[in-house]
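This report concerns only the one structure given below.
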2 protein chains.
Amino acid sequence: MIRLLLADDHLILLHGIRAILESDPELEVVGTASNGLEVLEALKSIEVDVLLLDLQMPEMDGLETIIHVKKSYPNIRILMLTTNDEGSIITTIFKNGATGYLLKNSSQEILIQGIKDAFAGKKVLSPHLTEKMINSLSDKPKSLPGLTPRITSRELDVLKLIAKQLTTQQIADELFVSTNTVATHKRNLFVKMDVTNSVGMIRKAMDWGLLDD
Amino acid sequence: MIRLLLADDHLILLHGIRAILESDPELEVVGTASNGLEVLEALKSIEVDVLLLDLQMPEMDGLETIIHVKKSYPNIRILMLTTNDEGSIITTIFKNGATGYLLKNSSQEILIQGIKDAFAGKKVLSPHLTEKMINSLSDKPKSLPGLTPRITSRELDVLKLIAKQLTTQQIADELFVSTNTVATHKRNLFVKMDVTNSVGMIRKAMDWGLLDD
DNA sequence: TTTTTCCTCACACAATTATGTGAGGCCGCT
DNA sequence: AGCGGCCTCACATAATTGTGTGAGGAAAAA
C-alpha cells in the first residue's frame with residue numbers, strides 16, 4: 001500500500017485525482033493540502049510515501065515546498081503534477097530532489113504507473129516534457145573544454161583552495177609550499193584565464209566546470 | 001534528401017550504420033570520419049545536414065568535436081551515437097549544442113526517425129536515457145530560494161559589480177557613493193551570506209542564481 | 001641533447017580588501 | 001512619536017592580494 005499526500009490549490013482537481021487514485025487498490029490517499037505550509041503541517045502527523053505536488057500554489061509554491069520537505073523527510077518521493085509548459089523550471093525541480101514531473105492531463109494509467117515508479121525510486125518524466133527539459137539545458141552553454149586554457153594540476157589545486165576561501169597563507173600550508181609559490185600560481189592562472197582577480201577566476205572556473213567535485 | 005556525415009572509429013560499425021541509413025531514400029551518407037579532426041576536415045569540403053557522432057573517439061573525442069563543429073557550422077544538427085551509459089555527460093552534450101543522443105543499439109526505425117527529427121530541429125533522446133539525464137541533474141542540488149537571506153537591492157547592486165571584477169573604488173564611482181559605503185555593503189553581505197571573502201560570496205551568489213542576468 | 005613546461009622560491013612594493021566602531025538621515029509601519 | 005530597516009559615510013588599522021622581476025631544478029617533449 002502506497003500512502004499518498006495530495007497538494008493542489010484547486011479543490012475540484014484534488015477530488016478528481018483522489019477518486020482516480022483510490023480506484024487502485026495499491027494506492028491510498030492519506031491526506032490532502034492546498035499549499036506548501038499545509039503539506040508540512042500534514043507531514044508532522046501522517047506517514048507518507050509519495051507526495052503529489054502542484055507546482056503553482058499560494059503561500060508556499062511547489063519548488064519551495066520540495067526543498068523544505070526534502071530537508072526534513074529525505075525519503076519521501078516527490079512527484080510534481082502540473083498543467084504544462086513551465087519548461088525552464090524542470091531542471092531546477094530535479095536538482096532539488098523531485099522524483100518525477102508529470103502533466104495533469106496525463107492518462108489515468110500513466111499517473112498511477114508514475115506513482116508506482118516513483119515509489120520504487122525510479123525517476124518519472126512525462127514524455128512530452130523531455131524535449132523541454134533538454135531545451136532548458138541548452139540555454140546555458142557552459143563549459144567549453146576545447147577552449148579552456150591548459151590549467152596544470154598544481155594550479156588546479158590552488159584554484160580549488162581559493163574557491164574554498166582559503167588565504168594564500170593557508171593554501172601554502174595546505175600544499176606545503178611557500179606563499180610565494182602560491183602567489184605565482186595565482187598570477188599564472190589570472191593570465192591564462194584572462195581575469196583580473198580571484199573573483200573573476202572563480203566565476204570562470206565554475207562556468208568551466210572546474211569546481212564540480 | 002538529408003545529407004549525413006558519420007563519425008566513428010569502429011570501421012565495422014561505420015559500414016553497418018551506413019548500410020542501414022542508405023536503405024532510406026531520404027537519407028544520404030555524404031562522408032565518414034574516424035575522429036573529430038577528420039570530421040572538421042570533411043566539413044570543409046562537404047555540405048552536411050546532420051552529423052552522427054560517436055562519443056568516444058581517438059584524437060578528438062565527441063564532446064570536443066561538438067564544440068568545434070557548432071562554432072564553425074552552427075546549423076549542422078549533431079546527433080550523438082553511443083554504446084550506452086556515460087550518463088553524467090549527457091547534460092554536457094546538450095549544453096554544448098547537440099541535438100540528440102541515441103544508443104547504438106537503437107532499432108533501425110528509431111535511428112532513422114531520430115535523424116529525421118534532428119534534421120527538423122527536434123531534440124532526440126533515447127527513452128532509456130531520460131532517467132540517466134535526470135540523475136545527472138540531481139547530483140548538484142543548487143539554489144535554495146527559501147533559505148536565501150534577504151539581500152537588499154543596494155547590496156545586490158554591489159554584489160553584481162563585485163562579480164564583474166570591479167574594485168571597491170570602481171564600484172563606488174559606478175554607484176555614486178563613497179568607498180566606505182561600498183565596504184559597508186560588502187561587510188553586511190559577508191555576514192548575511194556567511195562567507196569570509198568575495199570569492200566565497202560570488203560562489204554562493206552563483207549557486208543561488210543571484211547573478212543570472 | 002636541447003628545449004619546453006612545470007613547480008618551486010625570493011624580494012619588494014603598491015593596491016585592495018577586510019574588520020571594528022560609530023553615526024546621521026530617510027522611510028515606512030505601529 | 002517612536003522603532004526598525006536601509007543607505008549613507010568617516011576614520012583607522014591589520015591583513016591579504018596583486019604585480020613586477022628574476023631564477024634554479026626536475027621532468028617531459030622534441
Side-chain angles (χ1 to χ4, degrees), chain A residues 145-208 210-211 213, chain B residues 35 37 58-60 64 145-208 210-211 213:
Chain A
L147 310 174
T148 306
R150 228 185 281 83
I151 311 278
T152 69
S153 71
R154 204 53 168 166
E155 284 165 352
L156 194 55
D157 290 340
V158 172
L159 177 50
K160 287 181 178 172
L161 294 174
I162 292 174
K164 284 189 185 170
Q165 304 186 68
L166 298 200
T167 66
T168 301
Q169 178 63 62
Q170 291 171 319
I171 296 172
D173 292 346
E174 189 80 20
L175 299 179
F176 302 107
V177 296
S178 83
T179 57
N180 296 303
T181 301
V182 176
T184 301
H185 286 314
K186 282 176 83 165
R187 196 201 324 271
N188 292 332
L189 281 167
F190 287 166
V191 175
K192 284 185 182 177
M193 299 176 74
D194 188 33
V195 297
T196 65
N197 63 29
S198 295
V199 166
M201 186 166 68
I202 260 48
R203 285 199 70 180
K204 287 209 177 179
M206 289 181 79
D207 277 346
W208 292 349
L210 263 32
L211 304 176
D213 3 297
Chain B
N35 64 54
L37 295 177
E59 297 297 332
M60 188 190 282
E64 210 172 335
L147 309 176
T148 306
R150 224 187 285 80
I151 311 278
T152 69
S153 72
R154 206 53 168 167
E155 285 165 350
L156 194 55
D157 291 340
V158 172
L159 176 51
K160 286 180 178 171
L161 294 175
I162 292 174
K164 285 188 185 171
Q165 306 186 67
L166 299 197
T167 66
T168 302
Q169 178 62 61
Q170 291 171 320
I171 295 172
D173 294 345
E174 189 81 19
L175 299 179
F176 302 107
V177 297
S178 82
T179 57
N180 296 303
T181 302
V182 177
T184 302
H185 285 314
K186 283 176 82 165
R187 197 201 327 267
N188 292 333
L189 280 167
F190 287 165
V191 175
K192 283 184 183 178
M193 299 176 73
D194 189 32
V195 296
T196 64
N197 63 30
S198 294
V199 166
M201 187 166 67
I202 260 48
R203 285 198 70 180
K204 287 211 177 177
M206 289 181 78
D207 277 346
W208 292 349
L210 262 32
L211 304 176
D213 1 299

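Convention: sequence-line order gives letters A, B, ...; per-chain numbering from 1. For clarity, every value in this text was computed on a predicted model and none was experimentally measured.
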(request) On DNA chain D, check which nucleotide each of A/Leu166 and B/His185 is closest to and give me the residue with the more 5' one. (result) B/His185
(message) Can you confirm whether B/Asp207 sits close enough to A/Met206 that some side-chain heavy atom of one is under 4.5 Å from a side-chain heavy atom of the other?
(response) yes
(request) Step by step, work out the side chain to side chain contact (heavy atoms under 4.5 Å, CB included) result for B/Arg203 and A/Ile202. (result) CA-CA 7 Å; B/Arg203 285 198 70 180; A/Ile202 260 48; 3.6 Å; yes
(request) Show your working on side chain to side chain contact (heavy atoms under 4.5 Å, CB included) between B/Asp194 and B/Lys204 and close with a plain yes or no. (result) CA-CA 9 Å; B/Asp194 189 32; B/Lys204 287 211 177 177; 4.2 Å; yes
(message) Between P on D/dG18 and CG on A/Leu189, what's the gap in Å once rounded to a whole number?
(response) 11 Å
(request) In whole angstrom, give the distance that lies between atom CD1 of B/Ile151 and atom P of D/dC7. (result) 11 Å
(request) For A/Arg187 and D/dT16, give me the distance from atom CZ to atom P, rounded to whole Å. (result) 18 Å
(request) Sort and list the pairs that fulfil side-chain hydrogen bond (donor to acceptor under 3.5 Å, both in side chains) and have at least one residue in residues 182-191 of chain B, not counting sequence neighbours. (result) none
(request) Could you tell me whether B/Asn188 contacts a base, only the sugar-phosphate backbone, or nothing, with contacts defined as non-hydrogen atoms closer than 4.0 Å? (result) nothing
(request) Using the heavy-atom set of chain A and a strict 4.0 Å cut-off, write down the first and last nucleotide of DNA chain C that makes it in, 5' to 3'. (result) C/dC6 to C/dC11
(request) I would like to know whether B/Met193 and B/Ile151 meet side chain to side chain contact (heavy atoms under 4.5 Å, CB included); could you show each step before the answer? (result) CA-CA 9 Å; B/Met193 299 176 73; B/Ile151 311 278; 4.0 Å; yes
(request) May I have the distance from A/Phe190 (atom CZ) to D/dG18 (atom C1'), rounded to whole angstrom? (result) 7 Å
(request) Round to the nearest Å and state the distance from A/Gln165 atom CD to D/dA15 atom P. (result) 19 Å
(message) At less than 4.0 Å, is any side-chain N or O atom of A/Ser198 found next to OP1 or OP2 of D/dT17? Yes or no.
(response) no
(message) What's the angle between the local helix axes at either end of the helix from C/dT1-D/dA30 to C/dT30-D/dA1, using five pairs per end and rounding to 10 degrees?
(response) 60°
(request) Please name all residues satisfying side-chain contact (heavy atoms from CB on, under 4.5 Å) with A/Thr152, sequence neighbours left out, ordered by chain then number. (result) A/Arg154, A/Glu155, A/Lys192
(request) Could you state the atom-to-atom distance from CG of B/Asp157 to C1' of D/dC7 in whole Å? (result) 11 Å
(message) Minimum heavy-atom separation for A/Ala163 and B/Val199, please, with both atom names.
(response) CA-CG1, 4.0 Å
(message) Could you measure the distance from the CG atom of B/Leu161 to the CG atom of B/Asp173? Nearest 0.5 Å is fine.
(response) 11.0 Å
(request) To the nearest 0.5 angstrom, please state how far the NZ atom of B/Lys164 sits from the OG1 atom of A/Thr196. (result) 13.0 Å
(request) Starting from P on D/dC6, measure out to CG on B/Leu156 and report it in whole angstrom. (result) 13 Å
(message) Quick check: closest heavy atoms across A/Ile162 and A/Met201, and the distance to 0.1 Å?
(response) CD1-CE, 3.5 Å
(message) A side-chain contact here means heavy atoms from C-beta on lying under 4.5 Å apart; do A/Thr181 and A/Leu175 qualify?
(response) no
Taking only nitrogen or oxygen atoms into account, show me every contact under 3.5 Å that the protein makes with nucleotides 23-30 of chain D, one pair per line with its distance.
none

(request) Report yes if some heavy atom in the side chain of A/Leu156 is under 4.5 Å from a heavy atom in the side chain of A/Leu159; otherwise report no. (result) yes
(message) Just to be sure I understand the geometry, which residues of residues 167-183 of chain B put a non-hydrogen atom under 4.0 Å away from DNA chain D?
(response) B/Val177, B/Ser178, B/Asn180, B/Thr181
(request) Please examine the side chains of A/Gln165 and B/Val195, heavy atoms only from C-beta on, and report whether any two atoms are closer than 4.5 Å. (result) yes
(message) For a quick test of reading the model, state the closest non-hydrogen atom pair linking B/Thr168 to B/Ala183 and the distance between them.
(response) CG2-N, 4.4 Å
